[in-house]
Amino acid sequence: EMCTRAPPPPARIPKNLRDAFTMGGRAKIKYRYFADLGSGAGHNTAATYAEIFRQLDGGVFDYYNGEGQAFFDALKKYPLRDKSVLIWGLAGCNCEALAVWAGAAKVLVVDYNKPVCDHEKITVFNHDELQAAKIKTDCAISYSSFEHDGLGRYGDPIAPDGDLRAMRQAWETLNDDGILFFGVGLGRDCVKFNSHRIYGAARLPLMLRGWRLLDVFSIYKDKTPDFPFDLRMGKMRQCVMVLRKIAADYPDEKELNAVAATGGATSAPALCRRINQIVSAHCRRREK
């Protein structure tokens, strides 16, 4: 069920949608309200890109409280050179600049509120335009994006499964075996309406349907075996998950048990293993 698009977004989850948003009570609700309609419609100038490229040349990607630094190791192991790359959601100047800097042949950006990007390799779409163009790309980046879909914060319609729909659209717009660099907040399952969702053992496997987790890169060193899924409710950490598009709903058990080899200082094989364990447990529950 979906409410009509009408700004400003509601300050509370409509009662008839609470069960769907919480997956029958498996996710907690907290409130942190924003009405960022039009906030994505910025203007990234040629000078802005020149400065970001200068920082990237110096090994600095100061994005999302420094968590974006993990992209350097991820892109060394899974390069973007000569690839087509779709960026899902853009606030400021970040992942689209990173993709250009990393040698992508062309970079596409999609956002509810279209920004202006003054770079010859970058083309910008809204969601309707992207769907009409029937685009397929080699790779995609969604970092701190899909957890907002369906909450109304950025002018999108209120929809409990908005994040799952966005993830499926990312799957559909990738070439076979395409790669998605993916980041959402990980912790205990929670909806911070209308700010964002946090993904734990209940919601994360739903987001990963149709994907195989290849690798995880994180600036955080694992503190406990269940980190970050044991953080206090409402707290989260974000990493770079490298996903490959697959035809099946989920990888087989052998693939889920395989742990990626280390790849740089931010490689997080323990977290990769833990996420696959969560997916494996979800698959076993589905089979019962």
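Quick caveat: nothing in here was measured; it's all calculated off a predicted structure.
- Listed by chain and number, the residues in a salt bridge (charged side-chain N to carboxylate O under 4.0 Å, His left out) with D215 are K77 (sequence neighbours excluded).
- Of all the heavy atoms in A74 and V242, the pair that sits closest is CB-CG2, 4.5 Å.
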Before giving the answer on side chain to side chain contact (heavy atoms under 4.5 Å, CB included), spell out for C272 and L213 the whole-Å C-alpha distance, their side-chain angles and the decisive distance to 0.1 Å. CA-CA 7 Å; C272 185; L213 178 63; 3.9 Å; yes
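- Contact record, C95 with I141: SG-CG2, 3.8 Å, taken as the closest heavy-atom pair.
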Check the pair L271, F217 against side chain to side chain contact (heavy atoms under 4.5 Å, CB included), reporting the backbone distance first and the verdict last. CA-CA 9 Å; L271 181 52; F217 298 86; over 6 Å; no
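- Nearest heavy atoms, K245 versus N175: CD-O, 3.6 Å.
- For the pair E96 (side chain) and N94 (backbone), a donor-acceptor distance under 3.5 Å is present.
- Using a 4.0 Å cut-off between a side-chain N of Lys or Arg and a carboxylate O of Asp or Glu, D226 and R274 qualify as a salt bridge.
- In this structure, F71 has its ring center under 6.0 Å from that of Y143.
- R188 forms no cation-pi arrangement with F229, by the criterion of a distance under 6.0 Å to the ring centre and an angle within 45° of the ring axis.
- Using a cutoff of 4.0 Å between basic side-chain nitrogens and carboxylate oxygens, E287 and R284 are not scored as salt-bridged.
- Remark: the backbone N or O of N44 is not paired with any side-chain donor or acceptor of T48 at under 3.5 angstrom.
- In this structure, D222 contributes its side chain and T224 its backbone to no donor-acceptor pair below 3.5 Å.
- Between the side chain of Y250 and the backbone N or O of P205 there is at least one donor-acceptor pair closer than 3.5 Å.
- For Q69 (side chain) and G59 (main-chain N/O), a donor-acceptor pair under 3.5 Å exists by modelled atom type.
- A salt bridge is absent between R197 and D189; no separation between the charged side-chain nitrogens and carboxylate oxygens falls under 4.0 Å.
- Distance alone, capped at 3.5 Å, places no donor-acceptor pair between the D163 side chain and the F146 backbone.
- A distance of 6.0 Å or more separates the ring centres of W88 and F125.
- The residues K136 and E172 are annotated as not salt-bridged, no charged nitrogen and carboxylate oxygen being separated by less than 4.0 angstrom.
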Are E129 and K114 close enough, and set up right, to give a salt bridge (Lys or Arg N to Asp or Glu O under 4.0 Å), and what steps lead you there? CA-CA 11 Å; E129 291 168 342; K114 288 171 62 175; 3.1 Å; yes
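- Proximity of a side-chain donor or acceptor of S142 to a complementary backbone N or O of F182 within less than 3.5 Å is not detected.
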